[in-house]
Amino acid sequence: MSYKVTEAQKYVWQGAVPLQIHLHESEVTTVPPPPPALILAPRIGYLPLLVPQIKPFFTSALPPGADTVWFEYKGLPLKWYIPTGVLFDLLCAEPERPWNLTVHFRGYPGNVLTPCEGEDSVKWSFINSLKEAAYVITGNCKNVMNMSQSDQSELWRSILNGNLEAYLRVASKLKLGLDGDDFSMKLNSSSFKSRQSTNEGDASGPTKPGRIPVRMYIRTFNEDFDGLEDAPAVDNWDKISYINRPVEIFGEGKCFTLTDAMRTLLPELFPKKSLTDDIVCVSDMEDEQKSPAGEAGSTRITEETGGGEIVRDHLESLSMLDSAEIKLIRIQGIEPKMEIPFAWVVNNLMNPEHFIHICVYVKVQEPITL
Amino acid sequence: MVMAKTAGILLLSLLLTMSIITTVDSLTPGPCCRYPWFSCCPAGVKPTYVPLPHPPISIAISSQGNVLPAHLLRYIETMSSNPEKMEVASWDGSLSRTEFYVAAGAFAEQWNKFNSALPQCSWLPRSTLPWLSATTSQTEGYLSVENMILPNITREFNECNDEEIKEDLSFSDDDGFTDNAMLAENHSQESCHYDFHIVYNSSYRVPVLYFRAAYSDGQPVALDDIEKNIASSAKALMESKWTFITQEDHPYLNRPWYTLHPCGTREWMKMLFMNEHLEAQNGDKRIAKYLVSWFSVVGQVFGLKIPLQMLGNWG
């Protein structure tokens, strides 16, 4: 059995953020201080996994004591269980390259960050998320729980090594409905029904998900800014709202777009417009999957397949509440067009733990007070 | 006392048995810790792993003098006599977000009515998303019971702590995030202040308990000490493995709180309701008593007794 790898998936798996990591000055015991470490961090990876590579740069400068490694960006301790690419998308409004992070080997801020003991903690967290995603999609965790030991270690190794082929080989056994075109066709076909519906059609096919695991991170700005480079930095996790909620897919015979998905999560920001009901569905996913990811890619996709019939409801034209305005929606480093089929997003832009991570920047007008 | 103890053990074994004979495979989330790799414990919590041969779920009730809720006793009786009841119910044990909101209202009302001596239970709306409509931010909230004083966690100061203090002092200014100053006071026998939040989990479609604990001087209680306390009141429960305490970010507060993992909740809630009369199984009544029943089990972890009236009222 062969596994169809889309171009976009390859981009996602090869995606990396160049990091320039500085040792926090309070932990420098040598003169001169150690130079920063430069390293490419995989988007789908996690910061603690980089520690074995960066520690040699700093080890001679460290004060005595036990290591409790954590990272910080502009004063914000970084949550280690969030994929590196998501942190970058969320915290660097205007992408900064290299991304300047500070590493600490001492003084773990246990009041802000959950404990982390290196790779083991990350692995537990990853599998926990995978289990949760499986539960969302199929209604149980059975397939994840019943994996063989060798599949388990192969799956984890594929994440560590960024080996997409190896990952798909194991992940397809989980039958989470994301192993190929079948899913996208079902998601878009008129016969698509939610999980609760009857099992019509081929029983041998993968489970038909009616719920898609989504993790959304919302940055809310009170002040206006012109370009993204002027967006104020996040100095506190209180300024980020985290919504871990599946997208429920309803309806049949209608193409379910990214806008529709966002509407189920943030109904106030995506009021229902009668026009959007008339969107013509993209029927041929084959064409899309040949297109590369990235901003240019996703733009071309929608233009090619739209045939002029897609209603162009760009972000700007959506009639949102007067007080709130969406500045940016970013998934895997790209700003997808809102009218692309959500199935395309799911199939191409999900992280290996089967969650779609969406970063949203919202500007809120302060109510005018006299 | 002896009766309660026996009943507790009986319930444990019964539920173990039930979980073996149950045929609702598709609903079974599976054992949390069947493989060390797949435990529910993320984030640096490495549980002492004991392989469980089959039971997907096991529930045990504290035998420390707690009176078993009447409906649990009824459950035992019903299950002993006709276990085939297992098959008939179609409800899967989960709640929608709206149902959770309704259930929370019922729970808070009951709690405040029958626990007047305890801190009040209140519903906190989501306040961090300013564009939410009043209705949405209201239903998006969570239940909170704060500053509940629970007795008897011993806080011991041994050599280990002394070492920590020395170490802390030598790097006392290494960052701006932690206050490493530790007061070497003796907190033995001191009571602890617990905050409990009941939060809806959209993935598992069940309520989840988040909690934190502090001594009266504000020092947080370490997980080890919390577990020590639990060990005395609900040992069996902790041994049952579904109640792993892990530290995770509170979904509303973005700070590490302790939590009981929810992946088995739907299953045992289904079992709890299995014995109810059909009338109680339909919609409104079930929702109204969902959280009370849920807390009658979860509260046992902390030795919390639900007043019988809270449960008795349901007939």
Side-chain angles (χ1 to χ4, degrees), chain A residues 24 26-27 63-66 77 79 81 104 106-117 120-121 123-125 127-129 131-133 135-136 138-142 144-147 149 152-153 156 213 218 220 237-238 240-246 266-269 321 323-324 362 364, chain B residues 25-32 34-46 56 92 94 97 126 128-133 136 140 167-168 170-180 201-205 220 223 246-249 251-257 261-263 266-267:
Chain A
H24 191 262
S26 70
E27 295 176 20
K79 297 199 180 287
Y81 59 86
H104 296 250
R106 304 282 181 270
Y108 197 82
N111 54 337
V112 187
L113 301 180
T114 52
C116 177
E117 288 165 13
D120 278 354
S121 298
K123 190 161 84 176
W124 293 84
S125 167
I127 293 302
N128 231 23
S129 295
K131 260 180 65 180
E132 185 179 334
Y135 201 94
V136 167
T138 66
N140 66 75
C141 312
K142 215 170 40 175
V144 178
M145 305 297 294
N146 292 338
M147 283 178 90
Q149 289 286 346
Q152 293 164 25
S153 38
W156 181 242
I218 305 173
T220 309
W237 283 103
D238 290 340
I240 291 173
S241 302
Y242 172 60
I243 295 184
N244 180 15
R245 186 174 306 174
L266 301 171
E268 275 88 355
L269 295 182
L321 292 189
S323 59
V362 183
V364 176
Chain B
D25 257 357
S26 60
L27 297 164
T28 306
C32 285
R34 184 145 150 207
Y35 307 110
W37 211 60
F38 288 103
S39 157
C40 293
C41 311
V45 182
K46 264 181 255 158
D92 70 354
S94 71
R97 180 173 288 275
R126 186 189 265 277
T128 54
L129 300 174
W131 64 82
L132 289 184
S133 69
T136 318
E140 294 266 306
E167 201 175 82
D168 285 340
S170 51
F171 311 113
S172 55
D173 60 348
D174 57 359
D175 69 81
F177 295 102
T178 49
D179 177 9
N180 287 323
N201 181 304
S202 302
S203 297
Y204 293 101
R205 294 169 52 86
L223 182 57
T246 63
Q247 225 177 351
E248 278 178 37
D249 275 336
Y252 289 81
L253 304 177
N254 279 335
R255 294 282 180 287
W257 279 51
H261 203 277
C263 70
R266 191 177 78 178
E267 180 88 350

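Predicted model only: the values in this text are computed from it and were never measured. Naming: A, B, ... by sequence-line order, numbering from 1 per chain.
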With sequence neighbours excluded, residues passing ring-ring contact (aromatic ring centres under 6.0 Å, His included) with A/Trp237: none
B/Pro130 and A/Thr220, any side-chain heavy atoms less than 4.5 Å apart: yes
Where B/Ser202 and A/Asn244 come nearest, the two heavy atoms and their spacing: CB-O, 3.8 Å
From CZ (B/Arg255) to CG (A/Asp238), nearest 0.5 Å: 4.5 Å
When A/Pro213, A/Ala133, A/Pro246 are compared by non-hydrogen pairs under 4.5 Å with chain B, the top option: A/Pro246
Euclidean distance, A/Leu113 CG relative to B/Asp249 CG, rounded to 0.5 Å: 8.0 Å
Counterpart residues, side chain to side chain donor-acceptor pair (under 3.5 Å), relative to B/Asn254 (two or more places apart): none
Residue pair B/His261 / A/Asn128: nearest heavy atoms and the distance that separates them: NE2-ND2, 3.5 Å
Which atom of B/Pro256 lies closest to which atom of A/Gly110, heavy atoms considered: CG-O, 3.6 Å
Which atoms of A/Tyr81 approach chain B - backbone, side chain, both or neither, heavy atom under 4.5 Å: side chain
Minimum-distance pair of heavy atoms, taken over all atoms of B/Ser203 and A/Tyr135: O-CD2, 3.6 Å
Closest contact, heavy atoms only, A/Thr114 versus B/Gln247: CG2-O, 3.7 Å
Minimum heavy-atom distance B/Cys263-A/Lys131, with the two atoms named: SG-NZ, 3.7 Å
Atom group of A/Leu266 that falls short of 4.5 Å from chain B, counting heavy atoms: side chain
Chi angles and distances behind the side-chain contact (heavy atoms from CB on, under 4.5 Å) call for B/Leu129, A/Glu268: CA-CA 10 Å; B/Leu129 300 174; A/Glu268 275 88 355; over 6 Å; no
